[in-house]
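Read through the structure below, which is laid out as structure tokens, and then see the notes.
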Amino acid sequence: MSELISEKVGLDNVRIVLVETSHTGNMGSTARAMKTMGLTNLYLVNPLVKPDSQAIALAAGASDIIGHASIVDTLDEALVGCRLVIGTSARSRTLQWPMLEPRECGVKMTQEAQQAPVALVFGRERVGLTNDELQKCHYHVAIPANPDYSSLNLAMAVQILAYEIRVAWLDRQVESQPVPELAEPEQAYPLAEDLERFYQHLQTVLLNIGFIRAAHPGQVMNKLRRLINRARPESQELNILRGILSAIENPDIRNRDK
Ligand SMILES: C[S@@+](CC[C@H](N)C(=O)[O-])C[C@H]1O[C@@H](n2cnc3c(N)ncnc32)[C@H](O)[C@@H]1O
């Protein structure tokens, strides 16, 4: 019984986030894909259409997932409370990001979901996720499809990655092992919103000291995001970085021992 509770907690912490979905059928098929794999937490970010009868029809017996979906205006709102964010994309972008294979994605999400909410983010049917949205993610995952035709239907991509989450979950069940302890203590990683506040602070300081220019920001912030996301600072490490930024901003802190 306690094993079941532990697993349920893990799956309950997995959020499937759809950004600006334009076909209600995809919402329904996503709900079905999720429920068959034991996932229940659906977030719809600024959906371009409201879930309708087509969504309910394609959800089949999973219309409860649609009914309980959280509808929010921004991706940041969908990520509040998450300590791990993974973005999905069929194509490689100009700025390469740390990548996970679908199987690794399932294992990582299942493992970290034991301790805190985690999010798997899917893009728009026509254009996927923007670079800004992808840069909010710790990792990207691409389903290794036919390189000549690699873009899956949105709900089918959800199905494949939800299946990998299920496989990782089942592996633990079959092995009957307790969930492996993470090396880091609980609460080690900052929440997505704290990380976002840090990036805003960093950008403000870099603008103020003239390191980047508002008119020509270039790729500096994007590359710093990639560097810091790759390093995955813990909460205390992020606090140190914020302290450094505050000291740069505040002459009283800088001069206190002079
Ligand atoms: C139809 S695809 C978007 C295609 C869009 N032209 C692009 O290049 O991103 C809709 C969404 O499904 C997911 N997806 C589709 N194919 C994928 C793949 N091979 N690997 C990972 N995610 C995929 C992504 O979330 C993507 O944003």
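Atoms within each ligand, like the ligands themselves, are counted from 1 in listed order.
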Can you measure from [atom1] ([X]) to [atom2] ([Y]) and round to the nearest 0.5 angstrom?
X: Y199; Y: I228; atom1: OH; atom2: CD1; value: 5.0 Å
X: R225; Y: D132; atom1: CZ; atom2: CG; value: 7.5 Å
X: E125; Y: L48; atom1: CD; atom2: CG; value: 8.0 Å
X: Q114; Y: L11; atom1: CD; atom2: CG; value: 8.0 Å

Within a strict 4.5 Å, meaning less than it, do heavy atoms of the [X] and [Y] side chains meet?
X: I86; Y: H138; result: no
X: V141; Y: L120; result: yes
X: V205; Y: L202; result: no
X: K136; Y: L195; result: no

Can you tell me the protein heavy atom closest to [atom] and the distance?
atom: atom 13 (C) of ligand 1; answer: A157 CB, 3.6 Å
atom: atom 17 (C) of ligand 1; answer: A90 CB, 3.6 Å
atom: atom 20 (N) of ligand 1; answer: I143 N, 2.8 Å
atom: atom 25 (O) of ligand 1; answer: T88 OG1, 2.5 Å
atom: atom 12 (O) of ligand 1; answer: L154 CA, 3.8 Å
atom: atom 7 (C) of ligand 1; answer: R91 NE, 3.3 Å
atom: atom 10 (C) of ligand 1; answer: R124 O, 3.4 Å
atom: atom 4 (C) of ligand 1; answer: S151 OG, 3.2 Å

Exercise for review: Would you check if there is a donor-acceptor pair between the side chains of D52 and T24 at a distance under 3.5 Å?
Suggested key: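 Per modelled atom types, T24 and D52 side chains form a pair under 3.5 Å.
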Review point. Side-chain donor-acceptor pair under 3.5 Å between E249 and H201, yes or no?
Key: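 The criterion, which ignores hydrogens and geometry beyond distance, is satisfied for H201 and E249.
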Point to revise | Structural part of V127 in contact with ligand 1, heavy atom criterion under 4.0 angstrom | key: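 Looking at V127 and ligand 1, just backbone atoms fall under 4.0 Å.
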Point to revise | Sub-4.0 Å heavy-atom approach of M156 to ligand 1 | key: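 No heavy atom of M156 comes that close to ligand 1.
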Check your understanding: Should V141 be listed as contacting ligand 1, given a heavy-atom distance under 4.0 Å as the test?
Key ->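 Yes, V141 has a heavy atom closer than 4.0 Å to ligand 1.
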Under a 4.0 angstrom heavy-atom cut-off, which atoms of ligand 1 come close to [X]?
X: S150; value: 16 (N), 18 (C), 19 (N)
X: A142; value: 20 (N), 21 (C)
X: S89; value: 20 (N), 21 (C), 22 (N)

Check your understanding: Is there any N or O on R126 that sits under 3.5 Å from an N or O of ligand 1?
Key ->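 Yes, R126 has an N/O under 3.5 Å of an N/O on ligand 1.
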Practice item. Could you say whether the N/O atoms of F122 and ligand 1 ever approach to under 3.5 Å? Key: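 F122 vs ligand 1: no N/O contact under 3.5 Å.
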